[in-house]
Amino acid sequence: MKKIYLYARFQRFWHWMQAFIIFSLLITGLEVHGLFNLMGYETAFHVHNLFAWGLASFILLAFFWYITTGDFRQYLTEGNLLEKIMMQARYYLIGIFKNEPHPFKKNEISRLNPLQRITYLMLTLVGLPLQIIFGFAYYYFNELVAAGMNPGWIEPIALIHTFLAYMLVGFVIMHIYMTTTGHTPTSNIKAMITGWEEVEE
Ligand code: HEM
């Protein structure tokens with residue numbers, strides 16, 4: 001076995017901040033939705049908006065970091081992407097239960113498998129931005145109507161925002177399960193905390 005450095009300090013900071021903000025958004029969002037009473041509707045409503053601004057700012061900061069450091073290259077896949085995604089999906093559905101080796105080996109310049117690449121890319125470039133845009137449209141709805149938006153749009157905006165929130169809950173559950181499928185059940189999480197991971201030579 002040898003140790004490799006996979007996650008720079010900023011990345012670990014960004015990842016855990018993002019997780020903290022998303023959990024806070026889920027809790028305050030569910031309270032605004034009326035599922036329970038923790039801090040009171042008014043407070044939950046304002047805290048939810050504050051965390052949304054925090055998340056949007058962090059995403060922009062992370063974009064800046066990934067682009068200026070060149071680390072975004074970790075997300076590009078050479079060759080047939082679909083074929084590679086299928087290989088990885090087959091491993092998670094079948095190979096992993098037969099103790100087969102991981103189809104893609106991890107190293108410093110390629111830490112994510114093709115399925116992780118496409119999932120995280122869709123999440124960061126499509127899912128989260130859409131969720132933030134619909135959330136802001138909902139929060140600032142009165143201002144938008146005053147500026148000329150059709151008031152009838154409130155319902156689809158609310159439904160899409162809630163639908164995407166439940167999709168995000170689905171992602172988090174899958175994501176946490178998937179992080180246990182590394183070399184040992186905790187090796188990926190350790191790497192996201194310390195930056196270092198043990199891999200086969
Ligand atoms: C709550 C929202 C979360 C989001 C949006 C999120 C998003 C991400 C993203 C985008 C990456 C890829 C980072 C990169 O390599 O460039 C990642 C990796 C990772 N995340 Fe999360 N994460 C969340 C929560 C969590 C939680 C709660 C845990 C563990 C308890 C976790 C554990 C990990 C680990 C171990 C990795 C390393 C790579 C892997 O195994 O896929 N994450 N996460």
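Heavy atoms only: backbone and side chains are in, while hydrogens, waters and symmetry mates are out. Sequence positions, counted from 1, serve as the residue numbers for this chain.
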Visitor: Listing request: all salt bridge (Lys or Arg N to Asp or Glu O under 4.0 Å) pairs with a residue in residues 75-98, at least two apart in sequence or in separate chains.
Guide: R90-E100

Visitor: Checking Q74 now: which residues fulfil side-chain hydrogen bond (donor to acceptor under 3.5 Å, both in side chains) with it, not counting sequence neighbours?
Guide: none

Visitor: Side-chain donor-acceptor pairs under 3.5 Å in residues 122-131, sequence neighbours left out?
Guide:
unit_1: T124; atom_1: OG1; unit_2: Y120; atom_2: O; d: 2.8
unit_1: Q131; atom_1: OE1; unit_2: H161; atom_2: ND1; d: 3.1
unit_1: Q131; atom_1: NE2; unit_2: H161; atom_2: O; d: 3.1

Visitor: Any chance you could measure M1, atom CE, to I4, atom CD1, to the nearest 0.5 Å?
Guide: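 Atom-to-atom, M1:CE and I4:CD1 are 9.5 Å apart.
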
Visitor: Can you sort out the partners of N99 under side chain to side chain contact (heavy atoms under 4.5 Å, CB included), two or more places apart, ordered by chain and number?
Guide: none

Visitor: Output the distance between atom CD1 (I27) and atom CD1 (I22), rounded to the nearest 0.5 Å.
Guide: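 Between atom CD1 of I27 and atom CD1 of I22 there are 12.5 Å.
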
Visitor: Please tabulate, for side-chain N and O atoms in residues 134-147, each donor-acceptor pair with protein atoms closer than 3.5 Å (sequence neighbours left out).
Guide:
unit_1: Y139; atom_1: OH; unit_2: H46; atom_2: ND1; d: 3.0
unit_1: Y140; atom_1: OH; unit_2: N49; atom_2: ND2; d: 3.2
unit_1: Y140; atom_1: OH; unit_2: W53; atom_2: NE1; d: 3.1

Visitor: What residues form a side chain to side chain contact (heavy atoms under 4.5 Å, CB included) with L82, not counting sequence neighbours?
Guide: N80

Visitor: Please identify each residue that fulfils side-chain hydrogen bond (donor to acceptor under 3.5 Å, both in side chains) with T28, with sequence neighbours left out.
Guide: H48

Visitor: How many angstroms lie between CG in L121 and CD in Q116, if you round to the nearest 0.5 Å?
Guide: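 Nearest 0.5 Å value for the CG-CD distance: 12.5 Å.
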
Visitor: Test: salt bridge (Lys or Arg N to Asp or Glu O under 4.0 Å). Region: residues 102-122. Which pairs qualify, not counting sequence neighbours?
Guide: D71-R111, K106-E197

Visitor: Between I173 and Y177, is there a side-chain heavy-atom distance shorter than 4.5 Å?
Guide: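 Not in contact.
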
Visitor: Hey, any chance F45 and V47 share a hydrophobic cluster, counting ILVMFWY side chains that come within less than 4.5 Å of each other, even indirectly?
Guide: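 In one cluster with F45: V47, yes.
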
Visitor: May I ask whether F72 and W14 are part of the same hydrophobic cluster, defined by side-chain heavy atoms of I, L, V, M, F, W, Y residues being less than 4.5 angstrom apart, directly or through others?
Guide: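 Linked within one cluster.
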
Visitor: Under a 4.5 Å cut-off applied to non-hydrogen side-chain atoms, are W65 and F13 in contact?
Guide: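 Side chain of W65 against side chain of F13, heavy atoms only: no contact under 4.5 Å found.
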
Visitor: Grab the two heavy atoms, one from L6 and one from N107, that are nearest each other, plus how far apart they are.
Guide: CD2-O, 3.8 Å

Visitor: Sub-3.5 Å donor-acceptor pair from the side chain of Q88 to the main-chain atoms of I85, do we have one?
Guide: no

Visitor: Same cluster or not: I157 versus F163, using hydrophobic residues (I, L, V, M, F, W, Y) connected whenever any side-chain heavy atoms lie under 4.5 Å apart?
Guide: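 Yes, same cluster.
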
Visitor: Please walk me through it: do Y66 and Q11 pass side chain to side chain contact (heavy atoms under 4.5 Å, CB included)?
Guide: CA-CA 9 Å; Y66 274 88; Q11 254 167 327; 3.5 Å; yes

Visitor: Mind checking the CE-CG spacing from M178 to N113? Nearest 0.5 Å is all I need.
Guide: 8.0 Å

Visitor: Are the side chain of E31 and the backbone N or O of M39 linked by a donor-acceptor pair below 3.5 Å?
Guide: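 Such a contact is found between E31 side chain and M39 backbone.
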
Visitor: Hydrophobic clusters join Ile, Leu, Val, Met, Phe, Trp and Tyr when side-chain heavy atoms are under 4.5 Å apart, directly or via other members; which others share one with Y5?
Guide: W196

Visitor: Suppose we screen for side chain to side chain contact (heavy atoms under 4.5 Å, CB included). Which residues come up paired with K190, at least two apart in sequence or across chains?
Guide: T186

Visitor: Answer with yes or no whether the hydrophobic clustering places L30 together with L159; edges join I, L, V, M, F, W, Y residues whose side-chain heavy atoms lie under 4.5 Å apart.
Guide: no

Visitor: Between atom CG of L112 and atom CD1 of I118, what is the distance when rounded to the nearest 0.5 Å?
Guide: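 With rounding to 0.5 Å, CG (L112) is 12.0 Å from CD1 (I118).
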
Visitor: Take a 6.0 Å sphere around CZ of F64 and say whether it holds more than 12 heavy atoms from other residues, nucleotides or ligands.
Guide: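 Check fails, neighbour count at 12 or below.
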
Visitor: To the nearest 0.5 Å, what is the distance between CZ (F51) and CG (L55)?
Guide: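 CG of L55 is found 10.5 Å from CZ of F51.
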
Visitor: Test of understanding: with side chain to side chain contact (heavy atoms under 4.5 Å, CB included), list the residues that count as partners of I189, not counting sequence neighbours.
Guide: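 Here the qualifying residues are T179, I193.
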
Visitor: Spell out, yes or no, whether F20 and L60 are grouped together once hydrophobic residues are joined by side-chain heavy atoms under 4.5 Å, including indirect joins.
Guide: yes

Visitor: Around atom CD1 of I109, are there more than 12 heavy atoms of other residues, nucleotides or ligands at under 6.0 Å?
Guide: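 Check fails, neighbour count at 12 or below.
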
Visitor: Does any pair with a residue in residues 77-106 pass ring-ring contact (aromatic ring centres under 6.0 Å, His included), and if so which ones, sequence neighbours excluded?
Guide: Y91-H102

Visitor: Say whether, by atom type as modelled, one donor and one acceptor occur between the side chain of W16 and the main chain of M192 under 3.5 angstrom.
Guide: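 Answer holds: yes.
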
